[in-house]
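Report on one structure; see the data block that follows.
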Amino acid sequence: MRVLIIGGSGLVGGNIHQLFQEEQPFWNICSTHRNYATAHTVAFDPCTSMEEWPTYITSIDWNVIIHTGALTHVDRCETEPELSYLQTVVSTQNLVAFANQKNSRFIYISTDYVFDGTCGPYDEAAPVKPLNIYGQHKLLAEKLVAEGCDEQGYLIIRITNVYGNEERGKNYVLRTIGQIKEGVSNFSAPFDQYATPINATDIARAILLLINGMKKGVYHLASTDYLSRVQLLQRISIALNIPIKVSAVATNELNQPAARPLKGGLFAQRFLMEFPDFKFSNLDDFLRK
């Protein structure tokens, strides 16, 4: 099996790379980066035209292409919509065309921000209605995948509030753990934004099952946690046994450029129906480690 992971230096892509190498040592896995280089990635920018792509990408007939890359800074997407469109929509358009050329299965990583956050957590049948540029562009990319992939099939994997081990340690949970250990004791967080945090390793485990099971279509992945940011901070504090003060604020008080879905999150109904023995870890499991 030849697998190309776009965005392999990030949280999700990096965990997919690591787990696939451990679980499928005979697979040929290539992971790429745009800006942040790691020891296991090669430079590649899918936003450029295919004529500019390096031969170490174009010369191989990939069985599976996994696109984890996008501009994920939600407020920056709102203030720089052209950049968001380039990195999220154009990159997907280019990679879908490449996947068709190579007869590759295509896996796209999406988000619960394609929903408006009025009645989450959401299952796969829920109507989409993004509130901000980030969600709009992720939904556009989803449509490119669903309408553009040939008979080899596609997977759209929606996730949210991802945490886990990563080289840069920039995800919210790891950053917060580091800040608390460094002595920061005062935090502020919205009390009215709810989501379903998920460990990136679980995402990788689930995608491996979906690949090997030859699954197609849209899947939501989510753990059993359903937390506000205030509750998440409290759980981290308890696990570290270090008291902190959390000032709870309403989302509209933050005056962020991009609107946020409040009652968001995902329900992994389809995945768990098809893989009933799969056990998602939760935030406490991660914090204990």
Side-chain angles (χ1 to χ4, degrees), residues 1-34 38 40-70 86-111 124 137-159 200 203-221 270-271 274-275:
M1 181 80 78
R2 296 172 299 280
V3 180
L4 176 62
I5 303 172
I6 307 300
S9 64
L11 173 58
V12 175
N15 275 268
I16 293 172
H17 178 98
Q18 180 176 342
L19 183 104
F20 281 21
Q21 280 202 320
E22 294 170 356
E23 299 291 328
Q24 303 289 343
F26 299 109
W27 284 10
N28 176 10
I29 301 168
C30 175
S31 291
T32 74
H33 67 264
R34 284 187 71 252
T38 68
H40 68 268
T41 58
V42 295
F44 173 55
D45 185 357
C47 301
T48 58
S49 64
M50 207 178 300
E51 292 75 17
E52 302 175 52
W53 292 5
T55 55
Y56 52 74
I57 299 294
T58 58
S59 62
I60 296 176
D61 293 330
W62 304 102
N63 300 109
V64 178
I65 297 173
I66 305 175
H67 186 17
T68 74
L86 177 68
Q87 293 190 13
T88 300
V89 181
V90 173
S91 68
T92 304
Q93 185 176 40
N94 291 344
L95 288 166
V96 166
F98 181 61
N100 288 337
Q101 185 184 104
K102 295 294 185 178
N103 197 31
S104 310
R105 294 170 65 194
F106 194 82
I107 301 176
Y108 183 67
I109 305 300
S110 192
T111 172
E124 292 85 355
H137 287 170
K138 294 296 280 189
L139 183 58
L140 277 175
E142 282 191 14
K143 291 179 178 178
L144 287 171
V145 173
E147 296 171 3
C149 286
D150 291 340
E151 65 277 359
Q152 74 275 6
Y154 68 88
L155 283 166
I156 293 170
I157 310 294
R158 293 182 181 141
I159 54 177
I203 297 169
R205 292 170 53 226
I207 289 176
L208 183 58
L209 282 176
L210 290 166
I211 290 174
N212 288 334
M214 298 298 292
K215 301 297 184 178
K216 299 179 181 180
V218 180
Y219 286 84
H220 290 183
L221 299 180
R270 182 184 180 191
F271 179 81
E274 296 178 13
F275 299 96

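Between atom OG of residue Ser104 and atom CD1 of residue Ile65 there is a gap of 4.0 Å, rounded to the nearest 0.5 Å. With values rounded to the nearest 0.5 angstrom, Ile5 atom CD1 is found 9.0 Å from Thr32 atom OG1. Atoms CG and OG1, from Leu11 and Thr68 in turn, are 9.5 Å apart once rounded to the nearest 0.5 Å. Once rounded to the nearest 0.5 Å, the distance linking OG1 of Thr58 with CD of Glu51 reads 10.5 Å. Between Glu23 atom CD and Leu209 atom CG the span is 9.5 Å, to the nearest 0.5 Å. Atoms SG and CD, on Cys47 and Gln93 in that order, are 11.0 Å from each other to the nearest 0.5 Å.
The two residues Trp53 and Pro46 make their nearest non-hydrogen contact at CZ2-O, 3.8 Å. Taking both residues in full, the closest heavy atoms of Gln24 and Leu208 are given as CG-CD1, 3.9 Å, listed atom of the first, atom of the second, then distance. Scanning both residues, Thr48 and Asp45, for their nearest heavy atoms gives OG1-O, 2.8 Å. For Leu86 against Val90, the heavy-atom pair with the smallest separation is O-CB, 3.3 Å. Annotation for Glu274 and Tyr219: closest pair OE1-OH, 2.6 Å, computed over non-hydrogen atoms. Heavy-atom minimum distance, Ile156 versus Ser110: CG2-CB, 4.1 Å.
Under the 3.5 Å distance criterion, the side-chain polar atoms of Thr92 are left unmatched by any main-chain donor or acceptor of Ala141. A distance-only check finds no donor-acceptor pair linking the side chain of His220 to the backbone of Phe271 [under 3.5 Å]. Side-chain N or O atoms of Asn15 include none that pairs as donor or acceptor with a backbone N or O of Ala200 at under 3.5 Å. Asn100 places a side-chain N or O within 3.5 Å of a backbone atom of Gly148 that can act as its donor or acceptor partner.
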### Task
Quick one: do Asn103 and Asp61 satisfy side chain to side chain contact (heavy atoms under 4.5 Å, CB included)? Show the steps, please.
CA-CA 8 Å; Asn103 197 31; Asp61 293 330; over 6 Å; no
### Message
Is there a side chain to side chain contact (heavy atoms under 4.5 Å, CB included) between Met50 and Asn94? Walk through the geometry before answering.
### Response
CA-CA 7 Å; Met50 207 178 300; Asn94 291 344; 5.8 Å; no
### Message
Quick one, Lys138 with Thr88, criterion side chain to side chain contact (heavy atoms under 4.5 Å, CB included). Give me CA distance, side-chain angles, the key distance, then yes/no.
### Response
CA-CA 7 Å; Lys138 294 296 280 189; Thr88 300; 3.6 Å; yes
### Task
Quick one: do Met1 and Ile211 satisfy side chain to side chain contact (heavy atoms under 4.5 Å, CB included)? Show the steps, please.
CA-CA 11 Å; Met1 181 80 78; Ile211 290 174; 4.1 Å; yes
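With 3.5 Å as the limit, one finds a donor-acceptor pair spanning the side chains of Ser31 and His17. Judged purely by distance below 3.5 Å, without hydrogens or angles, the side chains of Thr38 and Thr41 pair a donor atom with an acceptor atom.
Here the side chains of Val3 and Asn63 are not in contact, with every heavy-atom distance at 4.5 Å or above. The shortest side-chain heavy-atom distance between Gln87 and His137 does not fall under the 4.5 Å cut-off. For the pair Ile29/Leu4, no side-chain contact is recorded, criterion being any heavy-atom separation below 4.5 Å from C-beta on. Contact annotation: the side chain of Gln18 never approaches that of His40 to less than 4.5 Å [non-hydrogen atoms, C-beta and beyond].
Between His67 and the choices Phe98, Trp62, Phe44, Tyr108, the ring pair (Phe, Tyr, Trp, His ring centres under 6.0 Å) rule is met once, by Tyr108. Looking at Leu95, Ile66, Leu155 one by one, the single match for side chain to side chain contact (heavy atoms under 4.5 Å, CB included) with Phe106 turns out to be Leu95.
Ion pairing of Glu142 with Arg158 is present here, as a side-chain N (NZ or NE/NH1/NH2) and a carboxylate O approach within less than 4.0 Å.
Both cation-pi conditions hold for Lys215 and Phe275: the charged atom is under 6.0 angstrom from the six-membered ring centre and inside a 45 degree cone around its axis.
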